[in-house]
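All remarks here apply to the structure that follows.
All figures in this text were calculated on a predicted structure; none of them were measured in a lab. So that the names make sense, note that chain A is the first sequence line, chain B the second, and so on, each numbered from 1.
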Number of protein chains: 2
Amino acid sequence: MLSLGQKVELLKVISHPVRIKILEELVKGVKCVSDFEEFLEIRQPNISQHLTLLRHFGVVDYYMDGRLRCYFLVHPLIPDLLELLRKDYYESLPRPACCPVTKKGVYPGERKR
Amino acid sequence: MLSLGQKVELLKVISHPVRIKILEELVKGVKCVSDFEEFLEIRQPNISQHLTLLRHFGVVDYYMDGRLRCYFLVHPLIPDLLELLRKDYYESLPRPACCPVTKKGVYPGERKR
DNA sequence: TACATATATTCTTATTTTTGAATATATTAA
DNA sequence: TTAATATATTCAAAAATAAGAATATATGTA
């Protein structure tokens, strides 16, 4: 299992709108840097910066084909994670019935303030 | 489904070692602020700050029982997300066989540089 | 009422993250 | 060799995040 630090590292590196978009594309298949330029409204150097970051943390890798760099996913958790984020949850979790300390069971009911 | 912005927001708010620890505890059940003091090596005001942040983003909520504030999970994605992070993945994703642009199939093979 | 307990808020500072601009490198083609 | 293309790097500035200290608030109890 990932250590706490690894979990945080992984979550942080994908917690960015551009990087999530990049990953959503990469689950569909390989993409070169210039492919990303077509649907991200940022400049090429910035795309490279994000890709470099993702690679640095072991989320993606690339291979070279001529002057193209073809990026692909390597971290096996990413597809599952993205799928989970795509899920629809219609309800909140059930609210606990009582306080475990006082056992008073004040809740459910009015919440002061 | 969550919007891109909501996904980022959710991921960011849980991308912190203290907040993950808090959430890992909360999946087990309700906990008051002072309960967290027992296993987090930070001061109470800082714990409150993290809890307030989590509440602000709809991840947790609390009810009051006397002077205790009993926190609990409300965001239904959290337990599934934490479970996913606990999973073991032994292999990287399969590497693609060729570049979709040039179809050259340079990879697998040597990667220059 | 006065005090103790449980928790929150505010403010400041330090750190990290993000972006943009400019530039550099590598590969291919002419 | 020169030029063009594809991509990366560096640096500086801006913005967001995090933590600590001090203090405030609310509730319960003597």
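- Here the C1' atom of nucleotide C:dG20 and the CD1 atom of A:Ile47 are 14 Å apart, to the nearest Å.
- Of the candidate nucleotides D:dA21, C:dT18, D:dT9, C:dT18 has the atom nearest to the side chain of A:His16.
- Out of C:dA21, D:dT7, C:dT9, the shortest distance to the side chain of A:Pro45 is found at C:dA21.
- Contacts of A:Ser48 with the nucleic acid, taken as non-hydrogen atoms under 4.0 Å apart, include base atoms.
- Contact annotation: side chain of B:Gln44 to base of C:dA6, donor-acceptor pair absent below 3.5 Å.
- Each of A:Arg67 and B:Leu53 lies near DNA chain D, and the nucleotide nearest A:Arg67 is the one positioned closer to the 5' end.
- For C:dT17, its base never sits under 3.5 Å from the side chain of A:Gln49 at any donor and acceptor pair.
- Other residues, nucleotides and ligands contribute over 12 non-hydrogen atoms within 6.0 Å of the CD atom of A:Gln6.
- Among C:dA21, C:dT18, D:dA21, the nucleotide with an atom closest to any side-chain atom of B:Arg43 is D:dA21.
- Using a 4.0 Å heavy-atom distance criterion, A:Phe36 is classed as making no nucleic acid contact.
- Between A:Leu11 atom CG and C:dT16 atom P the separation is 19 Å, expressed in whole Å.
- Listed nucleotides: C:dA6, D:dA6, D:dT17. Nearest to the side chain of B:Leu68: C:dA6.
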